[in-house]
Number of protein chains: 2
Amino acid sequence: MTPEHILDPDERVNCQALGGVLALIGDKWTIMIVGELSDGPVRFNELKRRIGGITQRMLTLALRRLEQEGLVSRTVLPTVPPGVDYELTEYGKTLIEPLTALGDWAGKHHARRRNEEWHAARSEE
Amino acid sequence: MTPEHILDPDERVNCQALGGVLALIGDKWTIMIVGELSDGPVRFNELKRRIGGITQRMLTLALRRLEQEGLVSRTVLPTVPPGVDYELTEYGKTLIEPLTALGDWAGKHHARRRNEEWHAARSEE
DNA sequence: CGGTATCCCCGGTGATACTG
DNA sequence: CAGTATCACCGGGGATACCG
């Protein structure tokens, strides 16, 4: 409310928008789906197999949401029996970069944690 | 398992690690907490006020987790009555950059969605 | 002020069965 | 093959009360 609380947008994390993006990719499966699709078009059941553990229901729900948000395109193939390809749209691909940045941080964080555990184990012997 | 499944890490989103980072910041409040702390040290109740809507319980739980992960430091102030400052550690600050990148994308995505809604509204009149 | 301890609810998720 | 429909569960999170 007061002027001193107004900051340069570049200097803060965009909390509001980040909250919104969590509604989009913050669930249990969506990030893995986007990850798999980042390699190129994938068929529905192939996607299901690659991710592993996801139910048809959840995969369908996630894909429908991503489609609605314009990140993923759905293509019915004129084969017999009919197949369905899912792939990232050009717009959807713009998500890969920031997601990779966060993924890299996450990877380093994981390594750091492993390292801490190792030190803890050494010191208690 | 098979060689052809091994890809250049830079070419894919790190799904595994991203899944892990969601366990850290993927909940309802943590991102907002990190966002507020990115301005500098904040007292417990001040943090609670700024975020708004969060319960003491959830704020405490999130801060404890962030502390345990080494992202946030907790400092008891020698005042009367005692106060507690929370702030991002140097390590915690390294999360700001990738988080900002994702936040920027999210902001643009939000704007894009608003734009689509506007077009939809125009076309149906 | 800065927490903990308890209880409880709801929605995201899983399991299963059915369909074009 | 690629879904949809229905039911059941359980854990994340809210409300409230209490504590040092």
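Chain naming here is simple, since letters A, B, ... match the order of the sequence lines and numbering starts at 1 in each.
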Heavy-atom distance under 4.5 Å between the side chains of Leu37(A) and Leu47(A), does that happen here?
yes
Find the distance Asp85(B):CG to dG3(C):P and express it as a whole number of Å.
11 Å
Is any side-chain N or O of Arg74(B) closer than 4.0 Å to OP1 or OP2 of dG3(C)?
yes
If you define the side chain from C-beta out and look only at heavy atoms, does anything of Lys108(B) sit under 4.5 Å from Thr94(A)?
no
Under 4.0 Å, counting only non-hydrogen atoms across every strand here, what does Arg57(A) touch: a base, just sugar-phosphate, or nothing?
base
Nucleotide of dG3(C), dA2(D), dA15(C) approaching Thr55(A) most closely (side-chain heavy atoms)
dA15(C)
Whole Å only: how far is the CG atom of Leu47(B) from the P atom of dG3(C)?
10 Å
Lys28(B) side chain N/O closer than 4.0 Å to the phosphate oxygens (OP1, OP2) of dG14(D)?
yes
Nearest to the side chain of Met58(B), which nucleotide is it out of dG13(D), dC1(D), dT4(D)?
dG13(D)
Using the side-chain heavy atoms of Val84(A), tell me which of these nucleotides is nearest: dG14(C), dG3(D), dG2(C).
dG3(D)
In whole angstrom, give the distance that lies between atom CD1 of Ile51(B) and atom P of dG13(D).
13 Å
For Ala62(A) and Thr30(A), which heavy atoms make the closest approach, and how far apart are they?
CB-OG1, 4.0 Å
So with a 6.0 Å cut-off around CD of Glu116(B), is the heavy-atom count from everything else above 12?
yes
Starting from P on dG13(D), measure out to CD1 on Ile54(B) and report it in whole angstrom.
9 Å
Glu46(A) atom CD: more than 12 heavy-atom contacts under 6.0 Å:
yes
Using whole Å, report how far CD of Gln56(B) lies from P of dT6(C).
17 Å
Provide, to the nearest angstrom, the distance between the CE atom belonging to Met32(B) and the C1' atom belonging to dG13(D).
15 Å
Can you tell me the distance, in whole Å, between the CG atom of Leu61(B) and the C1' atom of dG11(D)?
13 Å
Taking only N and O in the side chain of Tyr86(A), is any of them less than 4.0 Å away from OP1 or OP2 of dC1(D)?
no
Spacing of Asp27(A) atom CG relative to dT13(C) atom C1', expressed in whole Å:
10 Å
